[in-house]
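When a residue number appears, it is its place in the shown sequence, counting from 1. Computed from heavy atoms alone, side chains included, the values below leave out hydrogens, waters and symmetry copies.
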Amino acid sequence: EYLNISQYKEVPGFADSGPDLMNPLLEAAAQMCEEVLFPLNEVGDKQGLRYEGGKVIMPDGFADAYKTYRELGWPSFTCDVNYGGQGLPDVLNMPLMEMVCSSNLSFGLTPGLSHGAYNAIMMHASDEIKRKYLPKMVTGEWSGVMCLTEPQAGTDLGLIRSKATPNGDGSYRIEGNKIFISSGEHEMTENIVHLILARLPDAPKGIKGISLFIASKYDINDDGSIGAPSGIRCDGIEHKMGLHASPTCQISFNGCKAWLVGEPHK
């Protein structure tokens, strides 16, 4: 009612998105948040996370909750139909994520960051990269994260030192360290897609010399199956006040293979 959705019915994706569809969808989302996610908020706050040899152990129930979230189709419902999405307008994802994060923010950061990574890939990556990563991200089988902050840089991204060296085959070798990477490591999904800020050898200084790259926790074989570990490692976790169940990770990139997203230095 507030957004007067009916005025957009000529826009692709909105034609079938009137109240008859939107209301039941948001009611179902509310029910999931009330019955599945909100009860876990206290569990996650009390148990917190465990870090064991490069792996993050989530509190009891979080993996099952994510499986439920995925099986109900919530990761895909506002994603592009060409990659397995349901094609509904992204405006519907906003109230969903508001409810998810209001009921359990530690949980909500994982699908929220995944959707942000999906949007960046959709807008700026090549068709080859989209075909490689998006279908499993849309279903929620893979999650996505943003790897920006570094120990010496904080929020001043112009000071990042992570480097990307061309391999000669169109891919790049990423080396460097990141901190405060929310959902950077967990076992709720079978793979984690990393969007990484790094510098090319000829990069200008400061923020004019930052490029975006994509890699994943496990390499992806030509047939789309999961391969060997890529060289992305979680070296520890931070402990956030009020977000005890959100895996905020220290991540090292040890020569992992990555691909450029968008233009160099842009």
Side-chain angles (χ1 to χ4, degrees), residues 49-58 109-110 113-114 116-117 120-121 125-126 128-129 132-133 136-137 141-203 205 209-239 246-262 264-265:
L49 305 158
R50 299 201 318 274
Y51 172 78
E52 297 178 0
K55 293 187 177 183
V56 175
I57 311 301
M58 300 294 292
L109 284 171
T110 298
L113 286 163
S114 296
I121 295 166
S126 66
E128 182 180 2
I129 287 175
K132 184 175 184 178
Y133 291 98
K136 293 291 182 72
M137 294 182 70
E141 294 170 81
W142 299 353
S143 55
V145 296
M146 304 178 293
C147 301
L148 284 70
T149 309
E150 297 185 5
Q152 80 289 345
T155 55
D156 188 349
L157 296 177
L159 299 177
I160 66 170
R161 297 175 186 160
S162 292
K163 59 184 181 179
T165 306
N167 287 324
D169 60 357
S171 67
Y172 298 81
R173 175 185 174 90
I174 305 292
E175 295 173 288
N177 296 281
K178 302 286 185 178
I179 59 171
F180 305 146
I181 307 306
S182 299
S183 301
E185 167 58 28
H186 54 79
E187 298 291 307
M188 295 190 295
T189 57
E190 64 180 22
N191 202 7
I192 301 174
V193 177
H194 292 253
L195 290 178
I196 308 158
L197 294 187
R199 294 186 180 282
L200 292 164
D202 61 344
K205 291 183 178 181
I210 301 175
S211 300
L212 181 65
F213 299 87
I214 188 169
S216 55
K217 177 179 174 180
Y218 296 101
D219 287 330
I220 303 168
N221 298 321
D222 291 339
D223 63 0
S225 61
I226 296 292
S230 67
I232 298 175
R233 176 180 167 84
C234 176
D235 295 325
I237 54 175
E238 309 293 343
H239 298 280
S246 173
T248 307
C249 301
Q250 304 156 22
I251 300 287
S252 60
F253 298 95
N254 307 290
C256 67
K257 182 180 277 191
W259 285 263
L260 181 68
V261 176
H265 322 311

Do [X] and [Y] touch side chain to side chain, with heavy atoms closer than 4.5 Å?
X    : Y    : answer
L113 : M146 : yes
T189 : E141 : no
I251 : D235 : no
H239 : T248 : no
P166 : P201 : yes
Q250 : F180 : no
K257 : D169 : yes
I210 : L157 : yes

To check you understand the geometry: which heavy-atom pair defines the closest contact between [X] and [Y], and what is its length?
X    : Y    : result
Y172 : N167 : C-ND2, 3.4 Å
P247 : E185 : CB-O, 3.4 Å
L260 : S211 : CD1-CB, 3.9 Å
A120 : L195 : CB-CD1, 3.9 Å
C249 : V56  : SG-CG2, 4.3 Å
I181 : C147 : CD1-CA, 3.7 Å

Could you tell me whether a side-chain N or O of [X] sits under 3.5 Å from a main-chain N or O of [Y], the two making a donor and an acceptor?
X    : Y    : answer
R173 : A164 : no
R199 : G209 : yes
Y51  : C234 : yes
H194 : I196 : no
S225 : N221 : no

Checklist entry - Yes or no on side chain to side chain contact (heavy atoms under 4.5 Å, CB included) for N177 and E150, after CA distance, side-chain angles and deciding distance? => result CA-CA 6 Å; N177 296 281; E150 297 185 5; over 6 Å; no

Next on the checklist: Is it the case that atom CD in E52 sees more than 12 heavy atoms from other parts of the structure closer than 6.0 Å?
Outcome noted: yes

Checklist entry - Does atom CG of D202 have more than 12 heavy-atom neighbours, drawn from other residues, nucleotides or ligands, at distances under 6.0 Å? => result yes

Next on the checklist: Determine whether I121 and V261 satisfy the following criterion, side chain to side chain contact (heavy atoms under 4.5 Å, CB included), listing intermediate values before the conclusion.
Outcome noted: CA-CA 7 Å; I121 295 166; V261 176; 5.7 Å; no

Spacing of [atom1] belonging to [X] relative to [atom2] belonging to [Y], to within rounding of 0.5 Å:
X    : Y    : atom1 : atom2 : value
W259 : Y133 : CH2   : OH    : 5.0 Å
M137 : S216 : CE    : OG    : 10.0 Å
E175 : S162 : CD    : OG    : 9.5 Å

Next on the checklist: Do K217 and W142 form a cation-pi contact, if we require the NZ or CZ to be under 6.0 Å from the six-membered ring centre and within 45 degrees of the ring's axis?
Outcome noted: no

Item to check | Residue pair S230 / D219, side-chain donor-acceptor N/O under 3.5 Å | outcome: no

